[in-house]
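Just so we're on the same page: letters track the sequence lines, and every chain starts at 1.
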Amino acid sequence: MIRDAYSLALDPLLPWWAIAMLAVPFALLVAYALIRRARGGVLRLLAGVALTAILLNPSLVQEQRAYQKDVALVVVDRSPSQTLENRNADADATVAALRKAAENFQDLDLRVIETRGGTDHAEKGTQLFDVTRDALADIPQQRLAGMVVVSDGQVHDVPPTARELGVAAPVHLALTGDPAGRDRRMLVTQSPTFGLVGKTVDVTFQVDDLGSPAQGTAMVVIRRDGEQVAAVPAPIGQPQTVPLEIAHGGQTVFEIEVDKGPAELTMANNAAVFAVSGVRDRLKVLLISGEPYPGERTWRNLLKSDPSVELIHFTILRPPNKQDATPINELALIAFPVDELFDIKLKEFDLIIFDRFQHLGILPDEYFQHIVEYVRDGGAVFESAGPSSAGQFSLYQTPLQQIFAAQPTGEIRSQGFQPQVTPVGLRHPVTADLLAPGVNRPSWGRWFRQMPATTARGVTVMSGADALPLLTLDRVGKGRVAQLFSDQLWLWSKGFEGGGPHAELIRRIGHWLMQEPDLEEEDLRATVIDGKLEIRHQSLTAQDGEITVTKPDGTEVKLKLVDDGRGRATGSIEASDQGLYKVSDGTRQAFAASGALNSKEWADPRAATTALKALVEETGGGIQMVSTAGQPIWRRMPAESAMTGSGWLGLKQNGDYTVTGVRNTPLLPAWAALLLTLGLVMLAWRRESK
Amino acid sequence: MCFFDTADMTMIGMGGGGMGPGAQRLVELTPGLDVPRLVPIPPDHVLTKSFYLLRDFPGRWLGGSIWVEAPRGRINDGVSGIIVGSNDYAGAWATDELSQPLFPVTPGGERQREMAYRFGINVVMYALTGNYKSDQVHVPAILERLGQ
């Protein structure tokens, strides 16, 4: 639209001071003449004024103006909370009504932006103002007629002031949703990330009936790794603390869910999912060395340098069958506290290691029977066989033979051999990583003694001379047993022929025996890392299996895992949804928690003006509840007038223009000035002369 | 573990100060070895209790001091890899074909020879079991704590 505007401009011919120097004495003279009522005073005055006017050189300026259309910015919230009630439909209706109104305003452009409100709703809630700032940057300030936010008001990045946002026009809120809505939510206020295995962790949560008075109780169900462990009534509106037991090491995923409330906007905030890492208390290891020998210190150094192990070590320094006359007070020997170790405290140990042990009447059979029961009940025994294991005082001649998967034949082979990882050992977590990926032939040093054995059960993960079993692992009841049929592991620690991975091997055997979850030979794991669900399937048998992933919203996805040949098959998928992911291979299940504990987006899903009210009021905007009170009337209002009233919202008329041309017309052309001044002077002269 | 017996105790005087010819020879023999800092054996060292209880460490001679590595935390469980003595232990242990001692021991006689054998056994036990015996003092406390 182009309109013209006129204005008067002065373009003095002399500097202002020069004009003043001429005009002031003249004005004084004329004033004197007027006071004295001298003839021709008025005419002289007019002549003086005319002269001064000439010097000031007035002109008429004609501006050609191109008026700019104002812009109204419409920000439509499409965040997840807008899916509740009829919010999205109401938002659509508001935008449609605005578009229609804008058609009637010829000087108004609408700029409509829709936003999902950021990517991480669980963590950050709805983020409307990032995109708003981008859009505002494209609109000149002086053309902004107003901003209309179409939202349920659950916005989590509202700027503190309009100035900070850089807006000098009304900000209106078209509120979708019913402000009187009610919802029940679960809020976990405190949850630990670590817990000791076998102990409990305290979790504090609160159930709120938003929009309703806090009264009555709700039923809360707690699930651990998908299985219900508790159902407790929780008073509404009050924090409640429950102890939850950590049953195993590694990740435990808990789910706390409250039943449906009297009124619900969404069920998305009725459950919270979180993971607790189970950590073991220091592992108590009992090492019984049957006799001093060069390997003993290798065991000691390994176990004592492991910070997660508390070692209790006994060495049979002098067996009962070797007595001499040395007085006891000159010997640094103590009695082996068998009652204490194998009766009273036995269950406290996580692992018992027999290293070249021979029973020379040291332990009665009854105690060996205790150890058998201890293993079946979840304990662990590691037998490192020496020459004595082949003889009549072997542990295999005691009740312990019930729990051993392999039995020595009684032979002793004293020949060099290179320990090998068996094919199944290459898939077993204990031995799979002893050899670098793709390497199947070891380069480590030889050992020189082996006790041949026959295996009845278990998994033989390493073999020695003539492919005889060297390391056999077995599960007995709830417990585990490992047998090593050589006592020359220490050669690796001394670097003989380059040595070998003795520390890694012993650490892994030990932790597998103590049921470290990372070393399970059959396992399914799922974790969410950087928005990706990583799945790891561990198995002794090669697998090209397909697994099923159940997303938090209940949809199922099939995923094919890739086997790496060392017992692990892995795969990953995007995990952008917040909540509990379930992974199943048909027999095993794994759980992973994704996203924030309490989703900010769903923390309060009710439509509310609270967050935006200050900004709206500061800018003189208005609020219209479009879902309950209908669409507002849109008006164009001159700047400085009110921008809202009963049922209407105003968009500011800025009247901004650009100047496309200027024409300058002098008001006193030279000839007219000459005539006027001369005429007046002559008239005054004539008048005086009368 | 290395046990050096400089056997020069008599040549450096009863005080054990200074360096005898054996010790000087040892220094000459080990220029390329990264020998850690050695300290005089503390009175409660494991060598005093690794099998026999010992108060001193006699060989053919009595009174020469024993040097061990200063313990270095968890490395090797704090076990000394080097023991240096000067009491001529091999001389006290040496026998002929009839198992008769080759050299007299001074000043203590056969009791001192018995002690020299016991020291030898303690050294072997120390080499095989390390600091096992110094753990033992903690065992009652650990057992007490279990199950609480």
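In this structure, CG in B/Asp135 is found 10.0 Å from CD1 in A/Ile312, a value given to the nearest 0.5 Å.
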Pair up each side-chain donor or acceptor in residues 38-55 of chain B with any protein partner under 3.5 Å, not counting sequence neighbours, and list the distances.
{"from": "B/His45", "atom 1": "ND1", "to": "B/Leu47", "atom 2": "N", "distance (Å)": "3.0"}
{"from": "B/Thr48", "atom 1": "OG1", "to": "B/His45", "atom 2": "O", "distance (Å)": "2.5"}
{"from": "B/Ser50", "atom 1": "OG", "to": "B/Asn122", "atom 2": "O", "distance (Å)": "2.8"}

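Taking a 6.0 Å sphere around NZ of A/Lys494, one finds it holds 12 or fewer heavy atoms contributed by other residues, nucleotides or ligands.
Along residues 285-300 of chain A, the residues that come nearer than 4.5 angstrom to chain B, judged on non-hydrogen atoms, are A/Pro292, A/Tyr293, A/Pro294, A/Glu296, A/Arg297, A/Arg300 in order of number.
Scanning for side chain to side chain donor-acceptor pair (under 3.5 Å) contacts around A/Glu330 gives B/Arg111, B/Arg118, with sequence neighbours left out. Every residue two or more places apart in sequence or in another chain was checked for a side chain to side chain donor-acceptor pair (under 3.5 Å) with A/Glu366, and none qualifies.
Interface summary for chain A: among B/Leu128, B/Val124, B/Asn131, the most heavy-atom pairs under 4.5 angstrom belong to B/Leu128.
Looking at A/Leu317 and B/Lys133, their side chains come closer than 4.5 Å, going by heavy atoms from C-beta outward.
Checking side-chain atoms of B/Tyr132 against main-chain N and O of A/Phe314 turns up no donor-acceptor pair under 3.5 Å.
Contacts between A/Ile334 and chain B at a heavy-atom distance below 4.5 Å involve backbone atoms as well as side-chain atoms.
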